[in-house]
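Below: the structure, in structure tokens.
Convention: sequence-line order gives letters A, B, ...; per-chain numbering from 1.
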Amino acid sequence: MALTVDTCCFLLTVLTKHKPQSFSLIMSQVRVRFAPSPTGFFHIGSARTALFNWLYARHTGGVFILRIEDTDKERNSEQFLNVIYDSLRWLGLNWDEGPLVGGAFGPYRQSERASVYSEYLQKLKTAGRTYEKDGAVWFKLLGERYEVYDEHRKKTVTKVKVAPTAIEDQIRGHVERLEDEDFVIVRSDGNPVFHFVNVVDDIAMQITHVIRGEDHLSNTSKHVELFKAFGAPVPAFAHIPLILKQNGPGKMSKRDQGALIEEYQKRGFLPEALVNFLCLLGWNPKDDREKMLISDVIELFDLPGVNQSNARFDEKKLAHMNMAYLLALPTERFVAEAKLFFQKHPAGVAALAQPEVFREVMLLAQPKIKGFEELPAYTGYFFNEDFVLDPKVKDKVMAKPEAKTRLGELIAALPSMDLSNDSAIEEAIKHLATSNSLGFGDYQAVARLAVSGTNAGPSITSIFRVLGRTRVEQRLSRLLALS
RNA sequence: GCCGCUAUCGUAUAACGGUUAGUACAACGGGUUUUCAUCUCGUUAAUCGGAGUUCGAUUCUCCGUAGCGGUACCA
């Protein structure tokens with residue numbers, strides 16, 4: 001069926017609730033790409049770039065493409081590719097075209113696109129926009145050439161009289177930069193350089209919006225000149241701010257704490273919490289909402305709403321977000337996720353030995369912890385008899401001379417206690433307390449020390465209930481004998 | 001050095017050119033929780049500096065300063 005351009009725009013507007021003027025550049029579907037290099041690491045900055053691309057695609061009803069920039073042949077392996085796939089999948093950023101899923105514009109790995117590059121190189125050669133020098137292929141700018149001595153580089157360079165290249169950035173607005181020197185597009189070893197393959201792929205894959213880190217803003221003038229030389233439409237650009245390390249100068253590098261997605265996976269962060277945190281680093285819904293459904297973010301996300309200044313990473317805010325998600329998690333999913341976490345943890349064997357107990361303990365832990373990584377330390381004493389007594393807590397609690405008396409009274413009362421539910425246990429301890437003219441608190445601290453080795457944790461009544469009479473008795477007696 | 005981008009509490013951010021400059025995290029102090037955590041109330045805390053435009057500037061312009069990025073036959 002035939003559709004007019006107006007009809008198309010109207011439909012797109014209706015379908016995406018998007019401002020029509022944002023479509024001035026393109027008459028077709030939005031196509032964005034995320035183009036990581038398989039280095040064996042997946043950086044949090046890359047994750048956010050991927051996320052913003054994905055959000056924009058989902059917001060506009062467009063296509064999110066994964067393209068692998070693996071031209072650096074030496075340090076590539078399937079393993080490294082899997083890091084990318086795993087990280088994206090874990091974050092929930094599914095791609096519509098790319099490796100594993102295919103698409104009409106493949107292949108999606110640069111290492112498999114050599115023929116495309118030579119074809120495009122030929123176009124440029126035919127157009128007279130290249131020349132060879134020192135065995136490399138250079139891109140020829142259009143204009144009058146002149147020589148000038150560069151003090152900083154300590155050599156004479158050839159410059160070209162050209163007008164500045166204008167970039168209309170969706171986030172930064174109008175940016176101008178003078179691109180006045182020819183540059184290499186194919187190295188003397190025959191490998192095309194990043195600028196060239198990047199632009200060729202964007203043309204070949206019909207990318208409409210290039211959303212990437214600000215570190216590429218200065219490169220963009222090169223890219224724009226290449227697009228023009230190919231006679232291809234220049235895509236819309238959107239350069240998103242960088243993530244700075246939380247302490248010290250500079251952007252976050254892979255050596256910084258918290259820089260790698262892998263680390264969050266290992267530490268048991270909830271991916272939806274990390275994604276929510278990342279959404280808010282450089283973007284906001286223009287109201288006070290913070291914990292948001294991803295569907296709401298998709299609806300509200302737009303490029304002009306992205307901030308222009310770099311953002312410092314804040315692990316405490318992320319931890320808080322993770323806790324908020326943990327608290328809101330349906331119980332059974334919490335237990336299931338906790339199980340997955342323990343399966344990869346050394347303490348997991350003991351913890352998972354008794355599924356019933358494990359579940360009970362996890363129910364106690366859910367409202368108390370900030371992240372799954374706290375679980376082994378927080379719940380260890382439930383699964384192990386040889387837990388350690390915190391020396392500081394022990395000294396403090398056992399410093400009171402009556403502590404041993406309280407312990408003895410508890411042991412004596414224990415056989416007749418109803419341990420079937422928390423309120424019964426509470427009643428029993430209260431009864432014991434009042435009969436000795438004391439309060440619940442007089443038994444709480446010493447009992448807690450005896451059964452858990454510490455002064456923090458779930459309610460003492462719950463610990464008694466889950467542990468059961470025998471183990472509680474053993475632990476109380478052990479502490480009494482010890483002191 | 002040169003080029004580009006940026007600049008609001010410690011951090012992330014909000015504020016049609018008109019607000020007592022808001023919110024969240026953190027910090028600190030109460031309350032709740034017979035522990036801890038949660039929750040809750042409160043306190044501390046910001047428009048980088050200087051000009052200009054304007055009746056009025058956090059907001060627009062310019063100049064400084066600082067931060068960040070780029071400046072490769074890396075990506």
Side-chain angles (χ1 to χ4, degrees), chain A residues 35-39 69-72 75 110 133-138 150-154 164 167 169 171-173 175-181 183-198 212-222 239 241-244 246-247 249-251 277 280-291 307-321 323-324 326-327 364-370 374 378 393 397 426 429-430 433 439-449 452 454-461 463:
Chain A
S37 198
T39 58
E69 307 225 327
D70 55 350
T71 46
D72 192 347
R75 34 172 223 196
Q110 289 186 335
K133 193 176 91 180
D134 306 327
V137 180
W138 293 66
D150 186 311
E151 287 291 342
H152 192 248
R153 282 185 282 180
K154 304 276 185 233
I167 301 149
D169 194 283
I171 294 171
R172 280 147 213 290
V175 177
E176 275 188 13
R177 211 184 99 92
L178 193 64
E179 192 64 50
D180 64 350
E181 283 181 41
F183 53 91
V184 170
I185 53 174
V186 181
R187 285 188 276 268
S188 48
D189 65 4
N191 285 318
V193 306
F194 160 75
H195 305 297
F196 179 75
V197 295
N198 201 262
R212 49 160 44 158
E214 200 209 290
D215 47 346
H216 287 294
L217 185 55
S218 300
N219 292 327
T220 306
S221 47
K222 282 188 178 70
H239 288 92
L242 268 21
I243 299 179
L244 269 26
Q246 55 181 350
N247 300 306
K251 64 173 172 176
F277 170 79
L280 262 21
L281 212 54
W283 178 87
N284 68 83
K286 299 292 174 200
D287 56 34
D288 291 337
R289 271 181 292 176
E290 292 209 325
K291 185 168 180 286
N307 269 81
Q308 309 182 28
S309 53
N310 294 343
R312 209 166 277 277
F313 181 79
D314 184 355
E315 64 175 353
K316 291 222 172 93
K317 185 102 182 189
L318 171 59
H320 180 264
M321 187 64 82
M323 183 197 67
L326 237 28
L327 244 27
L364 297 181
Q366 182 176 9
K368 302 281 200 167
I369 58 163
K370 271 190 155 64
E374 295 174 12
Y378 194 78
V393 178
V397 172
E426 189 178 335
I429 296 176
K430 274 184 179 164
F440 189 102
D442 293 298
Y443 293 92
Q444 201 263 145
V446 71
R448 183 177 292 283
L449 174 67
S452 74
T454 181
N455 62 351
S459 73
I460 189 65
T461 55
I463 300 178

For [X], which contact category applies under a 4.0 Å heavy-atom criterion: base, sugar-phosphate, or nothing?
X	answer
A:Gly457	base
A:Ser459	base
A:His216	base
A:Gln246	nothing
A:Gly250	sugar-phosphate

Short N-O contact, [X] and [Y], less than 4.0 angstrom:
X	Y	answer
A:Arg172	A:Glu214	yes
A:Glu290	A:Lys317	yes
A:Arg212	A:Glu69	no

Validation row: [X], [Y] side chains within 4.5 angstrom (heavy atoms):
X	Y	value
A:His216	A:Asn198	no
A:Val137	A:Phe196	no
A:Leu217	A:Asp169	yes
A:Met321	A:Leu280	yes
A:Leu326	A:Lys370	no

Within the structure, does a side-chain N or O atom of [X] lie under 4.0 Å from either OP1 or OP2 of [N]?
X	N	value
A:Gln308	B:U6	yes
A:Lys291	B:A24	no
A:Arg187	B:C74	yes
A:His320	B:C25	yes

Among B:C68, B:C73, B:U6, the nucleotide that comes nearest once only the side chain of A:Lys251 is considered: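 Nearest nucleotide to the side chain: B:C68.
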Candidates B:C36, B:G69, B:A75 - which lies nearest the side chain of A:Ala456: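 Closest of the options to the side chain of A:Ala456: B:C36.
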Say you pick atom [atom1] in [N] and the same atom in [M]; how far apart are they, in whole Å?
N	M	atom1	answer
B:C41	B:U32	P	15 Å
B:G69	B:C36	P	44 Å
B:G17	B:G31	C1'	43 Å
B:U33	B:U44	C1'	26 Å
B:A24	B:A15	C1'	16 Å
B:U13	B:A72	C1'	37 Å
B:G49	B:U8	P	11 Å
B:U58	B:A46	C1'	10 Å

Residue pair A:Asn284 / A:Asn307: nearest heavy atoms and the distance that separates them: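 In terms of heavy atoms, the two residues are closest at ND2-OD1, 4.0 Å.
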Heavy-atom closest contact (A:Pro241 atom, A:Ser309 atom, distance):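 In this case the closest contact between A:Pro241 and A:Ser309 is CB-O, 3.2 Å.
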Spacing between [X] atom [atom1] and [N] atom [atom2], to the nearest angstrom:
X	N	atom1	atom2	value
A:Glu214	B:C3	CD	P	17 Å
A:Lys133	B:A72	NZ	P	13 Å
A:Leu449	B:C36	CG	C1'	14 Å
A:Glu69	B:C74	CD	C1'	12 Å
A:Met323	B:A26	CE	C1'	13 Å
A:Glu315	B:A27	CD	C1'	15 Å
A:Asp150	B:C3	CG	C1'	12 Å
A:Leu217	B:U71	CG	C1'	13 Å

Paired and unpaired positions of RNA chain B as dot-bracket, Watson-Crick or G-U wobble under 3.5 Å, | denoting a partner strand: (((((((..((((....[...)))).(((((.......)))))....(((((..]....))))))))))))....
base_contact_polar (B:C73 base, A:Ser188 side chain, donor-acceptor, <3.5 Å):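 Pair found.
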Base B:C36 paired with A:Lys368 side chain (donor-acceptor, <3.5 Å):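 Yes.
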Toward the 5' end of RNA chain B, by each residue's nearest nucleotide, A:Lys370 or A:Arg153: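 Closer to the 5' end of RNA chain B: A:Lys370.
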RNA chain B: 5'-proximal contact among A:Asn219 and A:Arg177 (nearest heavy atom):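 The residue closer to the strand's 5' end, by nearest nucleotide, is A:Arg177.
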Under 3.5 Å, which N/O atoms of the protein pair with N/O atoms of nucleotides 12-16 of chain B?
residue, atom, partner, partner atom, Å
B:A12, OP1, A:Arg312, N, 2.7
B:A12, O2', A:Leu280, O, 3.3
B:U13, OP1, A:Gly282, N, 2.9
B:U13, O3', A:Asn284, ND2, 2.8
B:A14, OP1, A:Asn284, ND2, 2.6
B:A14, OP1, A:Lys286, NZ, 3.2

Cationic tip of A:Lys368 above A:Tyr378 ring, under 6.0 Å, 45° of axis: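 No.
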Side-chain donor-acceptor contact under 3.5 Å, A:Ser459 with A:Thr461: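 Yes.
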